[in-house]
Structure formats: C-alpha cells, structure tokens
Amino acid sequence: MQLKIKESLIYLIFGASGDLTKRKLVPALYSLFVQDLLPDKFALLAVSRSEYSDEEFRISMKAAIREFKEIADVSGIDEFVAKIYYEPIQVSEAEAYSTLKKRLELIRKSDDISGNTIFYLSTPPSLYGVIPQHLASVGLNKRKDGWKRLIIEKPFGYDLDSALKLKDQLLKHWKEEQLYRIDHYLGKETVQNLLVTRFSNGIFEPLWNRNFIDHVEVTSAERIGVEGRGGYYESSGALRDMVQNHLLQVVALTAMESPSSLEPDAIRNEILKVFQSLRPINKEDVSKIAIRGQYLSSSIKGQNTVGYREEEGVNNESSTETFVALKFYIDNWRWGGVPFYIRTGKRLPTRVTEVVIHFKSTPHILFAQDNVAHSDNQLVIRIQPDEGILLKFGMKTPGTGFEVQTVNMNFHYSDLTTKRIPSAYERLIYDSIKGDATLFARTEEVLLAWKFLSPVLEAWKENNDIPLYGYPAGTWGPESSDSLIEGKGMTWRYPCKNLTDDGIYCEL
Ligand code: BG6
C-alpha cells in the first residue's frame, strides 16, 4: 500500500512546455496529490524556454489534467495548480542557473520547503549532459540542505560510445544513487507482476529453466505508427526505441534469479547479472539472428495509411527499422542453450505486449498430433492490454479416439480489483520521491544493453546487403521473421491474426 510521503520537496521539471509534461508528468503528480500521497509541503517548478507567467502555465496544466485524465476525481485541481510555478530560462546557458537557484530559494522560503529537490529531465537528450553539469556549477547537486535527485528519460545515449560519454559527464558531479533512469515499462503493474508470479509460487520455479523450457518469446506490438515523432524516430529505430530499454528489462525480469530480499539493490543486482550473461553477438551473424523491417503504405479497414517513408520528418529513402525481431541466448546455468526471441514493431495488427514461455514437449509422442502446437505448452504473461496470465495445454477432444486439442486457462488481472491501476508514470514518480530506486535502470545495465546491441547496430549501418524488409501496415511484419524461430513448424505466437482495436485482446 502506498503511504503519504512526509518529507517536503520541490519537483522541478526541465522541458516543461513539452508533451510529456502535460500528457504524463503533471496528470500523474496530480493523481498522487488528490490521493493525498504527496507531502503537504510540495511545489512543482516548471522550467523551459517559452515565456509563460505562473498563472498562464497553471491554466494550461489545469486543461492538461482534465484532458489526459489519470484519475477521475478532479476536485483538487485548483488546490494542486496553486503549487505550480514557472520559470522561463535558456537551459543550455550556464548563467541561467543562478536565476534558477534564486527562484528555488524563493519558493522554499514562501512555501516553507526543505532543500529536497527532484530534477526531471524531460528535454531533448542532447541536454542530458549539459543540465546536470550546470546544476552542479551552482551547487544544486549538493546534498547539504536536503537530497537532490536527477530523473533522466530515455534514450540514455545513442550507442555505447555516447552512453559512456554521458555516464562520465553525469558521474563527474553526481553520485550513482542520485540518478533515476526512467524506463516506463518497469512502472507497469504487470511487468512488476512478473516478479510476483515467479517468486511467490512454488509451481513455476522448478520448471523455470533449460530443463523444461524450450524457448522464451517477448513481443511488443503497436498498432500506431510514429505519430508525428518521425524526426526523433529517424535517428532511433525500433532497436534503440524499444529493445535497448523496455524489452531487455522485461527479459531481465523473466530470466533473473530470485533476489535475497526486496531491497532495491538485491533486485537490481539480479537484473544486472542477466545483462552480464547475455551472449555477445558476432557482427557476422547479424543477418542470421536479426530481422529488420519498415512499414509500407496500406489500407487498414478501408482507410489508407502512409508508409514510414512518407511520414513527416522522415527521409524518403530512410533505412530506419520500424520492426525488429532478434534471437539471442543468456549464458548461465538456468538458461544455457534456451533461445530467447524478441519482436517489436509499429503498425502491426494490434497493440499487445506479452512474454510467452514455451515448455518442452513430452519425451514421447503418445497421441496422434497433426499439429506441433498441440505439444507446445505455453504460459503467456500478458503485459498489456487485458493484463493477465494464460496457460495453454492439451486436452482430449470429446468423442472417440485420442485426439488432442489445445485449451486455455485464462486469468484476467482485472478480476482481482475494480480499483484503478496507477499508470507507470504515477508509480515511478511516487517511487522517485520516496527514494526507492528498485524500478529504475542502473548505469551498468544501460551500458551492457548498448554493448550487447552494438554489433547489430553496426552491421545494419555498415552492410547494405542485410535486407530491410518492407511490410504492409496492419500485418505482423516481415514474414521471414518466422524463420528465426528454431524447431519444426515453430513460429511466433500470433495472438490475433486480424486487426483489432486498441485495448482489445483477442485470443485464438
Ligand atoms: C516509448 C517509445 O518509450 O514506448 C514509443 O518511445 C512507444 O515509440 C512507447 O510507442 C510504447 O509504450 P507503451 O507503454 O504504449 O507500450
């Protein structure tokens, strides 16, 4: 259960006129406020280049809270926005930080708040090194009058070299324990439920290893395209945007050993060990273990959708991938020889994120099976939508003979509660204020993730012979991605072959 936080603080958001602030951060902070979880002495200082007065900014945040509603109760909006202040500064200029420091001091005095401060970097990544350095130059990294924490959005670097450089810039003035790297997948309720499913049940653990598991599949599919973020996405692509962070974190929680306690470092140490055990990829093997694709124009439910290259901000000869499928191994005792498959893409038929544990088939095939899927028991952990767990196993088809058919045991997380489930941002913002770093990625993890994916990024960049497959929007990506999956007749799991609306989960 979440408890009210007592220690006073100022929450400072850099890049406050951007989309994230109005869509996620302010609605999440308001939700915490209206549930009486924030300290009584709390202020939000919004900072960005645009010229707003406090009052103008408050009015726009009022509208944002109503529009991007995190919680139904709107009774506290006026009281909440009265705690918001705005300071227009040029964040890249060192001189601006003495102004900022003075403003913080004024708010502290007027609202009787301690020196505890969270600095949230919701800015373009090019400022992730600059802002912390400027904050330090005026002593705003010092913990003498209260703690100081830095929250950094992804992407943490563009590749291994830039991530290493950023790490050096940050750690020059800040301590690792002051850094909170947001990976919003870790804030998702059902991602955390992976830990509970695995470590609170005696039935799964004995089976959770190479002896019983054939392979593990993680899929994160999106129906949407790049949605006006073409400029950002062009320099990112699916591997950097989704795999380097979200999907590898999900893999780590699926594959990690049980922590000795729920202490943040106990959990994060186990996560780190998974990253350390990822088998390095050889650049020469990239064409065999990775498939990339890019969505093409198509007609979805009678509506024409543009291809990736026609999106705003995208080069019309772009080679950026909007789909990636990857096969890899985790070299440790638990997972030796078990293939892991990751797949993610935009403009696929549905929005779904799931982990599928495929168990080994029986050692002897007793019953006639015309379909290998009959012998493939699957545990499907659905992260979104319709969060839940599905077990697929064989049953006798009623009637004469011994025909086997696959049946589903399906648990829906929504059956547990009618209460609203806090969003990932709400959970992570609360944890950051409480000082609980469990669900934030550590520097070492991030660097190891970049190191692991570097050969893929390099091979794709250097070798034009590696195909970039086009796939029509609304399909499951390049057909050749099935060829990655080992085993006769094995394919990815296709939870729905057809298009569905977002939020609707269909199960075959
Ligand atoms: C973000 C990516 O980190 O995650 C987006 O930048 C992607 O491209 C999004 O759409 C997916 O998040 P979710 O929570 O909708 O699965």
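Atoms within a ligand are numbered from 1 in the order they appear, just like the ligands themselves. Everything numeric here is computed off the predicted structure, so don't read it as measured data. Numbering of residues begins at 1 and proceeds along the displayed sequence.
Residue-environment remark: NZ (Lys24) stays at or below the threshold of 12 foreign heavy atoms within 6.0 Å. For Glu227, the CD atom sits in a packed shell: over 12 heavy atoms of surrounding residues, nucleotides or ligands are nearer than 6.0 Å.
For Pro478, the side chain to side chain contact (heavy atoms under 4.5 Å, CB included) partners are Ile291, Phe323, Tyr469, Tyr471, Ser480, not counting sequence neighbours.
Using a 3.5 Å distance cut-off with no hydrogens or angles, the side chains of Gln384 and Lys188 do pair a donor with an acceptor. Side chain to side chain, Asn316 and Tyr308 fail the donor-acceptor criterion of an N or O pair below 3.5 Å.
Cation-pi geometry between Arg347 and Tyr295 is satisfied (NZ or CZ under 6.0 Å from the ring centre, within 45° of the ring normal).
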Show the short N or O contacts, below 3.5 Å, that ligand 1 makes with protein N or O atoms; if there are none, say 'none'.
unit_1	atom_1	unit_2	atom_2	d
ligand 1	3 (O)	Lys154	NZ	2.6
ligand 1	3 (O)	His246	NE2	2.7
ligand 1	6 (O)	Lys154	NZ	2.8
ligand 1	6 (O)	Arg229	NH2	2.9
ligand 1	6 (O)	Asp241	OD1	2.6
ligand 1	6 (O)	Asp241	OD2	3.4
ligand 1	8 (O)	Arg229	NH1	2.9
ligand 1	8 (O)	Asp241	OD2	2.6
ligand 1	8 (O)	Lys346	NZ	2.9
ligand 1	10 (O)	Glu222	OE1	3.3
ligand 1	10 (O)	Glu222	OE2	2.5
ligand 1	10 (O)	Lys346	NZ	3.1
ligand 1	12 (O)	His184	NE2	3.1
ligand 1	14 (O)	His184	NE2	2.8
ligand 1	14 (O)	Lys188	NZ	2.6
ligand 1	15 (O)	Arg351	NH2	3.0
ligand 1	16 (O)	Tyr185	OH	2.5
ligand 1	16 (O)	Gln384	NE2	2.7

